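Every number for a ligand or one of its atoms is a count from 1 in the order of the listing. Nothing fancy with the numbering, it's 1 onward along the sequence. Keep in mind that what you see is a predicted model, and the values were worked out from it rather than measured.
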Amino acid sequence: MTRRNANRGLMTTSIHAGEGPDPTTGASAPALYMSSTFVTDQVAGFSAHNLEEQAPYLYARWANPNVRTLEAKISALEGTGDCLCLASGMAAATAIFLTFLSAGDHVIVSDVSYAGVAELARDTLPRLGMTVSMVDMSDLAAVSGAIRPNTKLIHTESPVNPIGRLTDLAAVAKLAHDAGALISCDATFASPLGQAHVQMGIDLIMHSATKYIGGHGDAVGGAVAGNKQLIDKMRTESAIHHGGIMSPFNAWIIARGMATLPLRMKAHEAGAMAVASWLESQKTVTKVIYPGLKSHPQYHIAQQQMTNTSGMISFQVGDRERGEAIAQQMIDQFEIIHYAVSLGHHRSLIFWMGTDALMETSFRLEGDQLQSYRAYAGDGVFRLSVGLEDADDLIADLGRVLG
Ligand SMILES: *Cc1c(COP(=O)(O)O)cnc(C)c1O
């Protein structure tokens, strides 16, 4: 599916949005502005509430040219009015919760989500007086049953880290809006190219820019895209008051990586498709979850809402003991794939995620919710982030331990 935003294709948008030749030097590439403050001709006026559209730069916690370039690129790709970049994906998630929730509010969070987000939702938000329901968002009846009169926000993640389970985003967005709540989606696995979030009704689109957006494993960052009113509110609260801003250098290097995002996503998808198909053909591999494979339990949702199925594969090799033994062989024998956490980089990364350990530290699921998790993950999965190497070389590396 080809997507276009604001009359330009997404490849052109990734390269040119938010930047242009330097008016004083003619430099074609963006300069790096390592300036914490900006000289002004205004005698006074120093408040978090000076956020007019064309306000001059004042102080880097409000805005910085490099951070604005990255924000413009992400909002142009997502087709939102604005975007706020922060120091990490976790800072972006925290910004959503702390801007749009107060003590006494209720929030529904995907019961499987990035571990840091799950822990924040389970431990920190209740301490601040919010009520949290952790819900399996692949079950629409469960989402609708969890809604209360004081539900202010539904926070989804699709595909979910680390098991690749999907949420019908348009359907959950409708449930949120019918209840007068906002809906946010952690779209890190999908990237801005993987789903048309605005068309599906997502109000706040969150990314760990450390992953696909930056794409090269050399900078940590986070982003939330949304309409100008919501993003202004977040900028005041989370950037200006809480202070977890993105550094100009990180914005500069992430924007540089982002120029090739659409190209990279096509290559990640093609590589992952080849590797996932190979994995499926191996006797040692007991299950493969990849949204581009017909065998994905929610393949119809992937077909309906994903415009790129990305590079994230989960696969199983049997019980925990076997998984841990194979993980050790990978550490010892892999020549290309790095055994490391994180994802979305040009280098392929793999990590073993044991179900019992994750339940204890992060997810704490029971009953039907635990069963749904186990249906995707068994006793544990290898989370493989397929990079941009030749698929044949990745398959040869995997073949050293799985063949
Ligand atoms: C990595 C990740 C995060 C956290 O991002 P950081 O940049 O590491 O803080 C949040 N959500 C998902 C889905 C992630 O993969």
Side-chain angles (χ1 to χ4, degrees), residues 67 70 74 83-98 109-122 124-125 134 137 155-167 169 184-195 197 202 204-225 238-239 242 244-247 249-251 253-254 257-258 265 268 272 289 291 306 309-314 338 340-345 347-351 353 358 361-363 373 376-377 381-387:
V67 179
L70 180 61
I74 296 172
C83 172
L84 173 67
C85 284
L86 293 163
S88 66
M90 279 308 298
T94 304
I96 292 172
F97 294 133
L98 296 193
V109 178
S110 174
D111 66 348
V112 181
S113 39
Y114 178 72
V117 172
E119 290 164 26
L120 180 73
R122 279 171 204 280
T124 308
L125 300 187
M134 304 299 285
M137 298 221 177
H155 179 77
T156 62
E157 182 174 316
S158 192
V160 293
N161 188 351
I163 57 173
R165 194 174 68 194
L166 307 178
T167 295
L169 293 172
S184 52
C185 177
D186 182 341
T188 299
F189 264 41
S191 93
L193 276 296
Q195 292 160 166
H197 300 104
I202 305 298
L204 297 158
I205 306 145
M206 185 210 127
H207 293 281
S208 165
T210 317
K211 315 293 171 54
Y212 285 110
I213 291 179
H216 295 76
D218 48 15
V220 173
V224 185
S238 299
H242 301 162
I245 55 160
M246 178 180 278
S247 86
F249 182 75
N250 278 26
I253 201 163
I254 291 170
M258 202 181 157
M265 292 315 297
H268 281 297
I289 302 272
M306 297 193 80
T309 49
S310 190
M312 298 305 302
I313 300 172
S314 300
H338 288 184
V341 296
S342 203
L343 57 105
H345 305 163
R347 297 179 194 87
S348 291
L349 306 171
I350 198 164
F351 208 76
M353 304 273 189
L358 268 179
T361 55
S362 309
F363 299 140
Y373 187 93
Y376 281 76
V381 291
F382 283 98
R383 184 185 68 189
L384 171 60
S385 170
V386 176

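- Between the side chain of Ser88 and the backbone N or O of Val220, no donor-acceptor pair lies under 3.5 Å.
- Looking at Ser110, its side chain does come within 3.5 Å of a backbone N or O of Val112 through a donor-acceptor pair.
- Close contacts between ligand 1 and Gly221 involve ligand atoms 7 (O) [criterion: under 4.0 Å to a heavy atom].
- No donor-acceptor pair closer than 3.5 Å links the side chain of Arg383 to the backbone N or O of Met312.
- When hydrogens are left out, the protein atom nearest atom 4 (C) of ligand 1 is Tyr114 CE2, 3.4 Å; that is the closest non-hydrogen contact.
- Nearest protein neighbour of atom 5 (O) of ligand 1, counting heavy atoms only, is Ser208 OG, 3.0 Å.
- Not close to ligand 1: Gly344, with no non-hydrogen atom less than 4.0 angstrom away.
- In the vicinity of Thr188, heavy-atom distances shorter than 4.0 Å reach the ligand 1 atoms 11 (N), 12 (C), 13 (C), 14 (C), 15 (O).
- Of the protein's non-hydrogen atoms, Lys211 NZ, 3.0 Å is the one closest to atom 14 (C) of ligand 1.
- The Glu157 neighbourhood of ligand 1 comprises atoms 13 (C), with distances under 4.0 Å to a heavy atom of that residue.
- In this structure, the protein non-hydrogen atom closest to atom 11 (N) of ligand 1 is Asp186 OD2, 2.6 Å.
- With respect to atom 6 (P) of ligand 1, the closest heavy atom belonging to the protein is Gly89 N, 3.3 Å.
- To the nearest 0.5 angstrom, Met258 atom CE is 5.0 Å from Ile74 atom CD1.
- In Val117, neither the side chain nor the backbone holds a heavy atom less than 4.0 Å from any atom of ligand 1.
- Taking the six-membered ring for Trp and thresholds of 30 and 60 degrees, Tyr373 and Phe363 have ring planes inclined between 30 and 60 degrees apart.
- Of all protein heavy atoms, the one lying nearest to atom 7 (O) of ligand 1 is Thr210 OG1, 2.6 Å.
- Contact of the Pro159 side chain with the Met306 side chain is registered, since non-hydrogen atoms from C-beta on lie closer than 4.5 Å.
- A heavy-atom separation below 4.0 Å is found between Leu343 and ligand 1.
- Between Met90 and ligand 1, at least one pair of N/O atoms sits closer than 3.5 Å.
- Neither side chain, Tyr114 nor Thr188, offers a donor N or O lying under 3.5 Å from an acceptor on the other.
- Under the 3.5 Å distance criterion, the side-chain polar atoms of His216 are matched with a main-chain donor or acceptor of Gly214.
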Residues Ser310, Tyr212; criterion side chain to side chain donor-acceptor pair (under 3.5 Å); working and verdict: CA-CA 9 Å; Ser310 190; Tyr212 285 110; 3.2 Å; yes
